[in-house]
Amino acid sequence: MDHFLYRDGVLHAEDVPVADIAAEVGTPFYVYSTATLLRHFRLFDEALEGMDHLVCYAMKANSNQAVLRTLAEAGAGMDVVSGGEYRRARAAGVPGDRIVFSGVGKTADEIRIALEGGIRQFNVESEPEMILLDFIAREMGVRAPITIRVNPDVDAKTHAKIATGKSENKFGIPIARARDVYRMAAEMPGLEIIGVDVHIGSQLTELAPYELAYQKVAELTEQLRADGHTITRLDLGGGLGIPYERTNADPPLPSDYGALVKRTLGHLGCEIEIEPGRLIAGNAGLMVTQVIYVKSGEGRDFLILDGAMNDLIRPAMYDAYHDIIPVVEPEPGFEPHPYDIVGPVCESGDTFAKQRPMPPLKAGELVAFRSAGAYGAVMSSEYNSRPLIPEVLVKDDQFAVIRPRPTFDEMINRDTIPEWL
Ligand code: LLP
């Protein structure tokens, strides 16, 4: 459920007509709903009720500081994967002890920043990372709290580019080797083992892969305890999918997921951390663009929008489906017309949808891409020298620009021409 609904024939973001934002900000832009962000965070929080837990929002999905502040004020922690994300979370007011650091390639500088600024835990992904972390922590005279990310070799049944839990993926330590690696970690004075971490992929639409992975984590936890390690925290990753396309087979709900966590891991008495990104931010955002031209091609019509693959790369990169709806509600009983929906960027990959049935549309009309709040703005670029797309946050009847569109001068003046040229 989200808070983008037609009212009096016009699409609203909470209580704000989307067209009002377009008039003030210009198109294209992203708009996020505070109520939807909070609703989705709370669904997870409530799903884990009864277990000691922290929902660490995977901020890679949408890292605007206004979004982070909204969630942090509701009690969220953050999952970060770079020094930049760590700094951004801190700048948004998130305390270090609510930040977990994931990622396969943490650099020495990133490790230092987090140890200096405070960190809840590092999710360690390899032996060389463990050695570096131990070295830096000892150099600083501290002990780094760690979990070790294990790769359970489970097929998450999702798009190949976002599956992470199979043995051929670069993530985590093979679960079969985990006990040896924990033994190694226990001998390193700069490290403090606190738990186990697992994340098997993104946009999961079934619970079965989680069940398999969490059973393996439960078994491992018992073995590690028998080996003498203190395991008090389990980080279970993120990945629960959202319904991009309205079908009868919607992905499971956070409450179903919470019940699964309790069933598979509840008996261990560990503190539970989860790292959802997409399910919190995805349906909390729209990308709004304008039709520039309606062009007739050879046997097909194109809707050419002012939003492009540089603004929303998911369709080009993952063949992702996004619902595209007109901002002015179509008349009931309209005759749908198939369009290829494209942006102005000079490559054929700049196609959002092919032969998508839409109400008839004209130049100047606004359309909104649904489920664009996660992995939308964060993956945008200035390809084709198109200034970075702005972001807007709505709360009830208020809206604010939370990242302005750079002016052409700001964009161009970021380059410097060497004096010898
Ligand atoms: N934790 C870890 C360690 C992750 O790598 C990820 C996502 C998450 C949590 C959050 O997963 P989520 O709940 O958002 O599914 N750009 C792609 C998605 C990449 C996901 C990468 N890792 C897309 O647009 O679909």
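Order of listing sets the numbers, starting from 1, for every ligand and every atom in it.
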Distance-only N or O hit between ligand 1 and Ser102, under 3.5 Å
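The answer is no, given that Ser102 and ligand 1 share no N or O pair closer than 3.5 Å.
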
Look only at interatomic distance and state if Gly277 has a nitrogen or oxygen under 3.5 Å from any nitrogen or oxygen of ligand 1.
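Right, the criterion is met.
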
What I want to find out is whether [X] reaches [Y] closely enough, with some N-O distance under 4.0 Å, to be called a salt bridge.
X	Y	result
Asp180	Arg183	yes
Lys166	Asp155	no
Lys354	Asp340	no
Glu271	Arg120	yes
Glu273	Arg233	yes
Glu129	Lys106	yes

When you look for heavy atoms under 4.0 Å from ligand 1, do you find them on the side chain of [X], its backbone, both, or neither?
X	answer
Asn123	neither
Arg278	both
Ala61	neither
His159	neither

Counting heavy atoms only, which of [options] is nearest [atom]?
atom	options	result
atom 12 (P) of ligand 1	Ala281, Gly241, Gly239, Gly282	Gly239
atom 20 (C) of ligand 1	Tyr375, Tyr318, Tyr57, Phe44	Tyr375
atom 6 (C) of ligand 1	Lys60, Glu125, Glu275, Arg149	Lys60

Would you check whether Leu279 reaches within less than 4.0 Å of ligand 1, judged by its heavy atoms?
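In this structure, Leu279 fails to qualify as a contact of ligand 1 - no heavy atom is under 4.0 Å.
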
Is a side-chain N or O of Arg356 found less than 3.5 angstrom from the main chain of Ile341, in a donor-acceptor match?
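No, because the side chain of Arg356 does not come within donor-acceptor range (under 3.5 Å) of the backbone of Ile341.
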
Asn123 versus Ser102, side-chain donor and acceptor atoms under 3.5 Å:
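A donor-acceptor contact under 3.5 Å links the two side chains.
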
Answer with yes or no after comparing the ring centroid distance for His12 and Phe4 against a 6.0 Å cut-off, counting only values under it.
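That pair fails the under 6.0 Å test.
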
Suppose we call two aromatic rings close when their centres sit under 6.0 Å apart. Are Tyr339 and Phe302 close by that rule?
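No, ring centres 6.0 Å or more apart.
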
Report the distance from atom CD of Glu125 to atom CZ of Phe122, rounding to the nearest 0.5 Å.
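So the CD of Glu125 and the CZ of Phe122 are separated by 13.0 Å.
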
Please report which non-hydrogen protein atom sits nearest to [atom], along with the residue it belongs to and the distance in Å to one decimal place.
atom	value
atom 19 (C) of ligand 1	Ile162 CG2, 3.7 Å
atom 15 (O) of ligand 1	Ser202 OG, 2.4 Å
atom 24 (O) of ligand 1	Arg314 NE, 2.6 Å
atom 8 (C) of ligand 1	His199 CE1, 3.5 Å

Subset of ligand 1 atoms that lie under 4.0 Å from at least one heavy atom of [X]:
X	answer
Gly238	9 (C), 13 (O)
Met379	16 (N)
Ala58	8 (C), 9 (C), 10 (C)
Pro276	13 (O)

